[in-house]
Amino acid sequence: MPYQEVFVLFWEQVKESFQEGRFAKLTMAKTIGKPDLKNIFVRPLSSKDGFKVLVKLRYQSRETEDEESELTLDEAFVFLKPYLKTSFSSVLLFTTTKDVTFKINKKGAGSITENSPTFRDVRQAKSDL
């Protein structure tokens, strides 16, 4: 299945975990090539306007400062999509009940795998950022 379709299915799990309070963090990893962008992290935030996420772009170069944006979950989806297959080939969702990995292979097909949770508590994940 094309990675774009699989990513939509993956993002449904992201939204579900967020709505149920199980979302710990999301990490875009496995860079393609040698980009200056090292990782993208997404973690939950509480705000007056409801729940949002903090999207943090971390760079390899020490001269380039990390960038942070507060977004809704839908805005984060739109923000992250262009980085798929151009900058990153995997996205890891960490929840308190399971870890879900989205990967794109060399042929452009997407896959989702599930593993035991890395974090049992959302606060533990926040301290790792």
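Sequence positions, counted from 1, serve as the residue numbers for this chain.
Using cut-offs of 30° and 60° for the angle between ring planes, the F10 and F102 rings count as tilted.
A donor-acceptor pair under 3.5 Å is formed between the side chain of E75 and the backbone N or O of T72. The closest donor-acceptor contact from the side chain of N115 to the backbone of D99 lies at 3.5 Å or more, if one exists at all. Remark: side-chain polar atoms of T27 are not paired, donor with acceptor, to backbone N or O of A29 under 3.5 angstrom.
A distance of 4.0 Å separates NZ in K98 from CD in Q13, rounded to the nearest 0.5 Å. Taken from CG in N39 to CE in M28, the straight-line distance is 10.0 Å, to the nearest 0.5 Å. The CZ atom of R43 sits 5.0 Å away from atom CG of L54, with the distance rounded to the nearest 0.5 Å. Here the CG-CG distance, from L80 to L26, works out to 6.5 Å after rounding to the nearest 0.5 Å. Here the OG1 atom belonging to T86 is positioned 12.5 Å from the NZ atom belonging to K81, to the nearest 0.5 angstrom. From S87, atom OG reaches atom CG of L57 across 9.5 Å, with rounding to the nearest 0.5 Å.
In this structure, the side chains of I112 and T101 stay at 4.5 Å or more apart for every pair of heavy atoms. Side-chain atoms of L73 and V53, non-hydrogen and from C-beta on, do get closer than 4.5 Å to each other. The shortest side-chain heavy-atom distance between F88 and L37 falls under the 4.5 Å cut-off. Counting heavy atoms from C-beta on, the side chains of V100 and T95 never come closer than 4.5 Å. Side chains of L71 and V42 form no contact here, defined as non-hydrogen atoms less than 4.5 Å apart. The side-chain heavy atoms of I104 and F7, taken from C-beta on, include no pair separated by under 4.5 Å. Taking 4.5 Å as the limit, every side-chain heavy atom of F41 sits out of range of all side-chain heavy atoms of V55.
Of all non-hydrogen atoms in P44 and F18, the two that sit nearest each other are CB-CE1, 3.8 Å.
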Item to check | Worked check of side-chain hydrogen bond (donor to acceptor under 3.5 Å, both in side chains) between Y59 and E65 | outcome: CA-CA 7 Å; Y59 293 91; E65 286 195 36; over 6 Å; no
Next on the checklist: One pair to check against side chain to side chain contact (heavy atoms under 4.5 Å, CB included): K15 and D74. What are the steps and the verdict?
Outcome noted: CA-CA 9 Å; K15 290 194 309 192; D74 290 337; 4.2 Å; yes
Next on the checklist: As a quick check of understanding, evaluate side chain to side chain contact (heavy atoms under 4.5 Å, CB included) for Q4 and L84, giving each step before the final call.
Outcome noted: CA-CA 9 Å; Q4 297 93 330; L84 292 173; over 6 Å; no
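Residues forming a ring pair (Phe, Tyr, Trp, His ring centres under 6.0 Å) with Y3 (at least two apart in sequence, or on another chain): none. In this structure, K85 has no salt bridge (Lys or Arg N to Asp or Glu O under 4.0 Å) partners at least two apart in sequence or on a different chain. Residues that satisfy the salt bridge (Lys or Arg N to Asp or Glu O under 4.0 Å) test with E20, not counting sequence neighbours, are R22.
Note that K25 lies in the cation-pi zone of F94, set by a 6.0 Å cut-off to the ring centre and a 45° limit from the axis.
Comment: K52 does not engage E70 in a salt bridge, judged by the lack of any side-chain N to carboxylate O separation of less than 4.0 angstrom.
Donor-acceptor pairing under 3.5 Å is recorded for the side chains of T64 and D36.
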